[in-house]
Amino acid sequence: MPNPSKPQPAINQSVTFIATVYNERDTLLPFLRSLSAQTMLPAQIVIVDGGSTDGTYDLLKDYLGSFWPQVAVEVIQKKGAGISQGRNTAIRRARGPFICVSDGGCIIHRRWLEVLTGPAKPETVTAGYSASWAKSFFQKCLAASIMPLPREIKTKRFMPSSRNVCFSKQAWAQAGGYPQHLDFGEDMKFNFALKASGYRTRFLPRAVVYWKMRQGLDTVCKQFFRYAKGDALGGMYPRRHMVRFAALAVLAAVIALSVVWTPYVLLVLAALGAAYCFQAFRRIPAVFYKQHFGKKIAAVCAVPFLLLCIDGAKLAGYLYGQCIKRKK
């Protein structure tokens, strides 16, 4: 809960913070505490619960009922609402001209809203850096596999996640809102719509949101299967997925040739494997900072297997999405 002994933070009267949640009671409190600890608060908070059955909605109402009194708070339960519908519902209730968006399974840096909204303009989308929230060995390996470091991000081509973004309500309306026909990949489709409407994105690396990494190979594969299915249904990143299919074909050809030219093929496989894992291996020292050397070596062994599982899930998800698309 907000600490009444601390001085009340400044309020940005032009900003509404929105989020959607669903069965997130286990990770909700860190998110809410990080929201209440912001150095600058939004004038309004609107959170939509998609019909949680684990007590998420009650926890939201209890916590936000004692939020900073100068912030208008609204908790809406909309059973069956997906992420896009929940976000669109929240944005329609927004009073201010600017919308800041994050997710219930995250932790927000205390200066996030202040940094993210500092350069906010009607014609500009501002977006921050999503860092990994990882504790276990598996979560750290996943972070090394999928989470780019700030130096890797190409700011001119950066497409933000809606766990860390700010845009004007006007921009949201012109882009047609979040696409409610997509269960996953809706934020990327929304990015493309914003770009097509003439809005540019400004990357702010100091606006940090910590995203909790999934725990367990099954949940990770399911996550990336759904992301790739969303890409297929939304018509997004076709070249990226074709490159993945081409790489699979090359790998199959190299393995087939190993019957004839075994020594040479092993060298080719080693070179391809090194290139495939290069970025993930470069992240291991940063992700496993202050971890003993043995864990870093173990990560070098585990990350290639994890990358293969993720890419396999993406291939399957994209094919499945294409099949659904053709049937419609």
Side-chain angles (χ1 to χ4, degrees), residues 2 9-22 24 28 31-32 34-36 38-51 56-57 60-61 63-65 67-106 108 112-128 160-180 182 186-187 189-191 193-195 197-202 204 207 209:
I11 303 292
N12 191 326
Q13 296 294 339
S14 64
V15 172
T16 295
F17 173 86
I18 70 127
T20 58
V21 294
Y22 178 73
E24 295 185 56
L28 194 60
F31 164 71
L32 293 173
S34 67
L35 181 59
S36 65
Q38 291 293 293
T39 56
M40 177 177 286
L41 293 173
Q44 182 188 17
I45 294 172
V46 184
I47 299 183
V48 176
D49 177 86
T56 293
Y57 180 63
L60 269 175
K61 289 200 301 180
Y63 192 98
L64 294 176
F67 207 79
W68 293 102
Q70 67 271 45
V71 177
V73 173
E74 188 173 1
V75 180
I76 303 166
Q77 189 168 55
K78 197 175 183 68
K79 293 183 179 181
I83 295 174
S84 288
Q85 187 180 0
R87 286 179 180 149
N88 289 336
T89 297
I91 293 169
R92 289 188 191 101
R93 307 295 285 262
R95 302 171 189 170
F98 291 101
I99 311 296
C100 284
V101 190
S102 191
D103 283 334
C106 298
I108 306 168
W112 173 73
L113 192 135
E114 178 185 350
V115 173
L116 195 65
T117 59
K121 297 177 181 177
E123 68 277 9
T124 303
V125 177
T126 54
S161 162
S162 284
R163 77 181 70 94
N164 192 345
V165 69
C166 174
F167 47 82
S168 67
K169 195 171 181 180
Q170 169 188 306
W172 166 81
Q174 290 186 354
Y178 282 92
Q180 295 186 185
L182 291 179
E186 76 294 328
D187 51 355
K189 191 67 174 176
F190 181 58
N191 286 337
L194 285 170
K195 190 174 181 180
S197 299
Y199 293 91
R200 63 185 184 89
T201 298
R202 179 175 176 181
L204 303 172
V209 166

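Because the structure is a prediction, the values reported are computed rather than measured. Nothing fancy with the numbering, it's 1 onward along the sequence.
- Using a 4.5 Å cut-off on side-chain heavy atoms (C-beta onward), Y22 and T56 make no contact.
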Check against side-chain contact (heavy atoms from CB on, under 4.5 Å), I91 and F167:
CA-CA 11 Å; I91 293 169; F167 47 82; 4.0 Å; yes
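- Between the side chain of S168 and the backbone N or O of A171, at least one donor-acceptor pair lies under 3.5 Å.
- Residues E123 and Y199 come closest through the heavy atom pair O-CD2, 3.5 Å.
- Taking the side chain as every heavy atom from C-beta outward, T124 and P119 never approach each other to under 4.5 Å.
- By the 4.5 Å heavy-atom criterion applied to side chains, V209 and W112 are counted as neighbours.
- When the side-chain hydrogen bond (donor to acceptor under 3.5 Å, both in side chains) test is applied to Q38, no partner is found at least two apart in sequence or on another chain.
- Between K121 and R202 the shortest side-chain heavy-atom distance does not fall below 4.5 Å.
- The closest donor-acceptor contact from the side chain of T201 to the backbone of V125 lies at 3.5 Å or more, if one exists at all.
- In terms of heavy-atom proximity, A19 sits nearest to S102 at CB-O, 3.4 Å.
- Contact record, S162 with V101: O-CG1, 3.1 Å, taken as the closest heavy-atom pair.
- T20 meets the side-chain hydrogen bond (donor to acceptor under 3.5 Å, both in side chains) test with no other residue; sequence neighbours excluded.
- Not a single donor-acceptor pair under 3.5 Å links the side chain of N12 to the backbone N or O of E114.
- Taking 4.5 Å as the limit, every side-chain heavy atom of I47 sits out of range of all side-chain heavy atoms of V73.
- Scanning all heavy atoms of the two residues, the minimum distance from P160 to N191 falls at O-ND2, 2.6 Å.
- In this structure, V165 and S161 approach most closely via the heavy-atom pair CB-O, 3.9 Å.
- In R200, the CZ atom is not crowded: 12 or fewer heavy atoms of neighbouring residues, nucleotides or ligands sit closer than 6.0 Å.
- The closest donor-acceptor contact from the side chain of Q77 to the backbone of Y57 lies at 3.5 Å or more, if one exists at all.
- Of the possible donor and acceptor atoms, one in the side chain of S84 sits under 3.5 Å from a partner among the backbone N and O of P179.
- The nearest pair of heavy atoms linking S36 to L41 is O-CD2, 4.3 Å.
- Using a 4.5 Å heavy-atom threshold, the side chains of M40 and V15 count as separate.
- F67 places a side-chain heavy atom less than 4.5 Å from the side chain of L35.
- Proximity of D103 to E24: side-chain heavy atoms (C-beta onward) are nowhere separated by under 4.5 Å.
- Put simply, CG on D187 and CG on N164 are 11.5 Å apart, with the number rounded to the nearest 0.5 Å.
- Using a 30° and 60° split on the angle between ring planes, F17 and F31 fall in the tilted class, from 30° to 60°.
- Remark: I99 CD1 to R87 CZ distance equals 12.5 Å, nearest 0.5 Å.
- Rounding to the nearest 0.5 Å places CZ of F98 at 9.0 Å from CD of Q170.
- Between the side chain of K169 and the backbone N or O of A94, at least one donor-acceptor pair lies under 3.5 Å.
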